[in-house]
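Just so it is clear, the model here is predicted, and its values are computed rather than measured. Just follow the structure's listing: the first ligand is 1, and inside any ligand the first atom is 1.
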Amino acid sequence: MTYWFTQPQLKALVPLAGASAIRGLSTPFSVPKIFMGANALSEAGGLGASVVDSLAAMCVKKQAFIVSDEHVGRYATRVASVLEGHQFTTRIWGRAEPEAPLENVRDCAEAMKQFEPDAIVAVGGGSVIDTAKAAWILYERPDITDLAMVSPILPLGLRQKAVLVAVPTTSGTGSDCTAISVVTDTQARRKIPIVSAELMPDFSVLVPAFVTGMPPKLTAGTGLDALTHAVDCVMSPMTNDFTDALALRAIQMVFKYLPRAYRDGTDLEARIRMHMAASMAGIAFGNGGVGLTHSLGHSLGKTFAVHHGVAVGIFIPYALQFYSPITDKYLDICTALEVKGKSTGKSLAGLIEKVRTLLAELDVPLSLEGLGISREDFEKNIDKLTLHGSEDPSVFQSPRPVTMEQCQRLFRCAYEGKDVDF
Ligand SMILES: [Fe+2]
């Protein structure tokens, strides 16, 4: 299969378009309309129209297609009943699969075409929202048959048929607030990020009651994903003061509330704060980018079936060390977390120690070996890991370009838990 991000012209163009000097001339900042809080989905609303009123005003047919999965059907049913109370006809498609495999996305799009909705409502974690986004492209543009070639510069012309609402049931992916859908080419065991400004949901609805049931392991993994988005965004060359403000605040919130939510899932304050932090980090990285944690993590995750949040979170210390010879932007994170050092090197060491302490609190290992990957399996897959890690489009936003050789050395450091000193 051919991918948009391996095309030589786009590999040259996208990093250039994302460079701060170019973006500074005209930098867009995109967000959905966000409704959050215990009443976010209710008819009561607050000041101004409720999310359902706002949605109804945009939908003439009032046909809502709800994308969900087998784990969160109860939340999809609740969303359907609220919509039906506002004269919507609904259909729940509850067959979204983890990691949004392309075949599953096509199934979803087929069901969408039969129902002909003017509202698509994704109720679920990142894979559900990403499935809805990718299927939405196929629904609106039946002429597009190859999602792997949908590049950031291809105009899609979405919203001729439907608008998109995202109701996340995990706190981490940020997909409710990004213009990105990550789907999976199952045959190649490879992630395909689809990036288009048009994929930004029209509404994000943050309902705390929808995340209180997350088990501890999922809470840790998704929470780490949010932290990784925020840390990488601060370090990205595409960052700006808007994204920094959100990312740095999200980092503070994750350090404060993720261990609490992990230890006690009924801690409502921690749940609410983590839910908001995930969307804040989503807005930040959706506008400012993520870097090596995600290129290496995507490669690792697909090769060894590691949860996305863990696969990217484990690389935070290694990526920060790799970036450090050419940028001291990590000092902003040190300031946000009150990590002090007598030199920049000591501050970085203190920050990395703080990240490692958080990983340990969440029972996440500090090395790939600690994930249970045998040396033999690692060596057997190192060339594939390196190729996919260095080709992933997230490398476009790395503050320090990475060669194939460096990419392999990064994987080797992460496998053994060694500091990156090159
Ligand atoms: Fe992520």
Side-chain angles (χ1 to χ4, degrees), residues 5 96 98-100 122 124-134 166 168-184 190-195 199-201 204 211 214 217-236 238-239 243 246-247 250-251 253-254 258 274-320 355 358-359 362 364 371 388-389 392-398 414:
F5 46 85
E99 316 274 322
S127 297
V128 168
I129 299 172
D130 286 358
T131 298
K133 285 177 176 173
T169 60
T170 59
S171 305
T173 167
S175 186
D176 55 301
C177 287
T178 71
I180 304 163
S181 166
V182 183
V183 297
T184 298
R190 194 162 183 176
K191 296 262 191 174
I192 306 170
I194 304 169
V195 184
L199 281 177
M200 178 67 75
S204 161
V211 291
M214 269 196 296
K217 213 169 168 184
L218 186 62
T219 301
T222 50
L224 271 183
D225 193 21
L227 177 66
T228 312
H229 295 153
V231 170
D232 244 5
C233 178
V234 171
M235 302 304 295
S236 160
M238 286 169 57
T239 191
T243 58
L246 287 162
I251 289 168
M253 291 164 75
V254 171
L258 180 55
M274 274 308 300
H275 211 34
M276 287 196 287
S279 295
M280 289 161 65
I283 295 169
F285 96 85
N287 286 280
V290 285
L292 285 181
T293 58
H294 272 63
S295 47
L296 304 178
H298 282 156
S299 180
L300 176 78
K302 277 326 296 169
T303 303
F304 291 111
V306 180
H307 180 272
H308 172 73
V310 172
V312 295
I314 208 165
F315 283 110
I316 293 176
Y318 307 101
L320 285 172
V355 173
L358 178 69
L359 291 171
L362 302 171
V364 171
L371 288 171
H388 292 180
D392 188 278
S394 299
V395 297
F396 297 160
Q397 284 106 230
S398 170

Identify, with sequence neighbours excluded, every residue that meets side-chain contact (heavy atoms from CB on, under 4.5 Å) alongside Pro317. Ile352, Val355, Arg356
Asp176 and Ser204 side chains, donor-acceptor separation under 3.5 Å: yes
Taking Ser295 for its side chain and Leu292 for its backbone only, find out whether a donor-acceptor pair lies under 3.5 Å. yes
Among protein atoms, how many N/O/S atoms lie less than 2.8 Å from the Fe ion (ligand 1)? 4
Using a distance-only test with no angle check, is there a side-chain donor-acceptor pair under 3.5 angstrom linking Asp392 and His388? no
Do Ser394 and His294 have side-chain N/O donor and acceptor atoms under 3.5 Å apart? no
Any side-chain to backbone donor/acceptor pair from Thr303 onto Ser299? Under 3.5 Å, distance only. yes
